Amino acid sequence: MRFSQTLIPTLREAPAEAEIVSHKLLVRGGFIMQVARGIYDYLPLGLRVIRKVEAIVRDELNRVGCAEVLLPIVIPGELWEESGRWGKYGKELLRLKDRNERDFCVGPTHEEVITDIVRKFVRSYRDLPKHLYQIHTKFRDEIRPRFGLMRGREFIMEDGYSFHASAEDLDQHYLVIRDAYQRIFKRCGLASRVVEADTGAIGGKSSHEVVVLADTGEDAIAGCDACDYAANVERAESCTPEYESANTSDLQKVHTPKLKSVEEVASFLKVPKHQMIKTLLYLRDGGVVVALVRGDAEVNEIKLKNAVDAEFVTLADANTVRLVTNAEVGFAGPVGLPKSVDGIGAITVVADDALKGVSGAASGANETDQHFLGLSEGRDFKVTQFADLRMVKAGDRCVRCQKGALKIVRGIEVGHIFKLGTRYSEPMKATFLDANSKEHVITMGTYGLGIGRTMAAAVEQNHDAKGMLWPLPIAPAHVHLILASDEKRQMGDEIYEVLQREGIEVLYDDRDARPGVKFNDADLIGIPYQMVVGKKTASTNHLEWTERAAGVKQEKSLTDCIATVKEALRH
RNA sequence: CGGGGUGUAGCUCAGCCUGGUAGAGCGCUACGUUCGGGACGUAGAAGUCGCAAGUUCAAAUCUUGUCACCCCGACCA
């Protein structure tokens, strides 16, 4: 690959909209270019990295018996009607009509399509298990795309689907794929970790994310410092804190003018924060959920949504709060809430487990400028349901080992695996006959790995002040050959030929440009090995050899350079 | 969708408050000097000031609308 012939539009300055390192460097290095929000061109160098990652993914998946397919990007709406997702999937689904006004969508994921294949061709338990995957472009019309390839609307993803005769078989296969994914990331030069995750919109029983730890990651991960428990904070649990029982006393109303936040009220009433009952109202489909947590805790909205089996939960507006509590925002409490409100619907009250049997607590009185002291759960108020609603905090005790403390770190979700069960196979009637000619619904798993995101994550984990530091297995080339002096062009051309003949991928900077420009571009692009042809070393028939990451220069013969690269490629 | 911000040359941005000839740096073209860590000089090309209305003798500048992009929140590989 000659620099002069390919297209590598390096930029001295990063575009103003780029926020994180990988976005800035991939744009500056001429790997990608934005076309519309969340939609990118992959330029030659970017595409080379994408292809490298894809090759590793294929290799590892094929090795464990997965079979590659290629599914359509545009999917008929009928298939989505069958699974019931046409109505449920929101605006993230890009819908379109063909010339005959028939409904189609641009695939954000392919459960329906793949299930359609399998139900047609798989009839017997003898045909199972099967794992089919594809590597393709997806489209999700995200609310807020950002961070370059990290959260695009259009993105390249490996999506795999497995089909099993039993849940046990899925359980076993699930672990095989989890391990394959971890091997893939390891080969890409990334340190990854598997964490428990919420199943979200895709549904299903159990799910894990494979994350790459990085401070710029969008996911917050809670991990135990004593055992191997790790979970996305959306799902993470911690031990229910012990309630320090306070003096039980009679219910007492206190005037608390304009004091709304837990902080303000706690200090005014001289009550510790954890003895406050924080009362938050959430709108849900068909009503309002009142969530109660200790004053020192935060509500985890995903846990709340799952606990009450809601389609959505969203913090209620001031007007709804007034209608339900008869008070201004800031004075809500669990005592005397209505069972339902006209025009709003049913009111249910869910309390965090930590509030079970609480006494001597304080909360709003559902009356503006009034709070209660001496509240006892059961005596003064009853809740519809108890559940774990807390957002875990750093320092919480681990639920798994009961000993360690949780730490919160950030990570990038590069893979996600789900045990789907029969979420799709049942409505779409994907069944098989067992050995007794009895019909069963196929059990499914689904697995996704973000190719572009893996590329971005690799940059997040591997860069320095000058630019990117590609791990050799996914680098756009093995060697960056720099012609530093035009007088040595013939020698450079010859070395370029030799390297290619040796099977080494080389980017040859043959441009008629100043050496400084070439060195800086080479450091920015971050190909692992740099070789310089120029006057300094040409007289001794040597090359200047630099490992990009270490930055130490040394003189080497061409033969030694080739041997070193080949040795590195063997690992 | 709610809140905030930005649209001026290929890129990064100034000019806008206080209306009056369209600017800088980088990049690009030509010539000369230079040539191993983003050179220098000279000359040059390049912008319907996002778009549309309005106010005005006059609009990049003021007003309204609209579109695009970005940030914070709700959604997610």
Side-chain angles (χ1 to χ4, degrees), chain A residues 9-20 23-24 27-28 30 33-39 89-93 108-110 135-160 181 197-202 207 209-212 217-219 232 234 282-283 301-302 305 311-315 317 412-418 446-457 466-467 482-488 509 512-524 530 532-538 544 546 551 553:
Chain A
T10 57
L11 261 31
R12 195 178 291 211
E13 284 160 299
E17 66 266 18
E19 289 246 310
I20 59 169
H23 189 190
K24 285 181 187 168
V27 172
R28 280 191 55 211
M33 184 187 121
Q34 189 178 48
V35 183
R37 68 195 300 249
I39 301 177
Y89 217 96
K91 285 188 157 181
E92 285 73 38
L93 184 65
T109 171
H110 283 70
I135 297 176
H136 216 186
T137 296
K138 303 267 186 248
F139 192 92
R140 292 184 194 167
D141 202 353
E142 292 281 346
I143 287 168
R144 193 146 96 82
R146 61 188 125 173
F147 299 149
L149 296 187
M150 220 49 110
R151 176 178 300 289
R153 289 193 292 172
E154 187 179 284
F155 57 96
I156 302 171
M157 175 176 163
E158 178 276 314
D159 51 318
Y181 272 20
D198 186 66
T199 51
I202 295 185
S207 126
E209 286 174 6
V210 188
V211 298
V212 163
E218 288 192 87
D219 275 16
N232 191 307
E234 290 177 348
Y282 286 86
L283 290 172
E301 294 183 9
I302 291 170
K305 175 175 168 248
E311 295 271 323
F312 66 91
V313 291
T314 175
L315 209 52
D317 54 285
I412 299 164
E413 179 185 0
V414 285
H416 203 151
I417 57 180
F418 291 88
T446 181
Y447 318 85
L449 189 156
I451 304 285
R453 193 179 269 191
T454 298
M455 169 171 160
K466 291 177 173 178
I482 298 166
L483 181 65
S485 164
D486 204 55
E487 290 172 32
K488 301 295 166 196
D509 196 342
D512 178 19
R514 302 179 67 80
V517 172
K518 296 187 180 184
F519 290 133
N520 282 309
D521 274 350
D523 290 343
L524 173 62
Q530 300 176 349
V532 184
V533 194
K535 280 188 281 193
K536 270 190 186 169
T537 50
E544 200 170 287
T546 311
K553 292 177 186 177

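The chains referred to below are lettered A, B, ... by the order of the sequence lines, with proteins before strands, and numbering in each begins at 1. Computed from heavy atoms alone, side chains included, the values below leave out hydrogens, waters and symmetry copies. These figures come from a predicted structure and were not determined experimentally.
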Length of the CE-P vector between Met150(A) and rC71(B), whole Å: 13 Å
Look at all strands and tell whether Asp486(A) reaches a base, only sugar-phosphate, or nothing, counting heavy atoms closer than 4.0 Å. nothing
Arg37(A) side chain near rA68(B) phosphate (N/O to OP1/OP2, under 4.0 Å): no
Base, sugar-phosphate, or nothing for Glu301(A), non-hydrogen atoms under 4.0 angstrom? nothing
From the set rC75(B), rC13(B), rC70(B), return the single nucleotide nearest to any side-chain atom of Glu142(A). rC75(B)
With heavy atoms under 4.0 Å as the rule, sort Pro15(A) into base, sugar-phosphate or nothing. sugar-phosphate
Leu283(A) CG to rA74(B) C1', straight-line distance once rounded to whole Å: 13 Å
Report yes if at least one side-chain N or O of Arg146(A) is closer than 4.0 Å to OP1 or OP2 of rC72(B); otherwise report no. yes
How long is the line joining CD1 of Ile135(A) and P of rA77(B), in whole Å? 18 Å
So Leu11(A), base contact, sugar-phosphate only, or nothing? Heavy-atom distance under 4.0 Å. nothing
For rA14(B), the nucleotide meeting Watson-Crick or G-U wobble distances (both under 3.5 Å) is none
Base-contact (B) and sugar-phosphate-only (S) positions in nucleotides 26-36 of chain B, heavy-atom cut-off under 4.0 Å, - elsewhere: SS------B-B
Would you call the rings of His136(A) and His110(A) parallel, tilted or perpendicular, taking 30° and 60° as the class edges? tilted
Which atom pairs link the protein and nucleotides 2-7 of chain B when you take only N or O atoms and keep those under 3.5 Å?
none

For Arg453(A), which contact category applies under a 4.0 Å heavy-atom criterion: base, sugar-phosphate, or nothing? base
Check every atom of rC75(B), rG38(B), rC1(B) against the side chain of Val517(A) and return the nucleotide holding the closest atom. rG38(B)
Could you give the distance separating rG7(B) and rC49(B) at their P atoms, to the nearest angstrom? 14 Å
Is the shortest distance from a Lys or Arg side-chain nitrogen in Glu142(A) or Arg151(A) to a carboxylate oxygen in the other one below 4.0 Å? yes
Paired nucleotide for rG73(B) [Watson-Crick or G-U wobble; both distances under 3.5 Å]: rC1(B)
Length of the line joining Asp512(A):CG and rA39(B):C1', which is rounded to integer Å: 14 Å
Using a 4.0 Å heavy-atom cut-off across all strands, classify Glu19(A) as base, sugar-phosphate, or nothing. sugar-phosphate
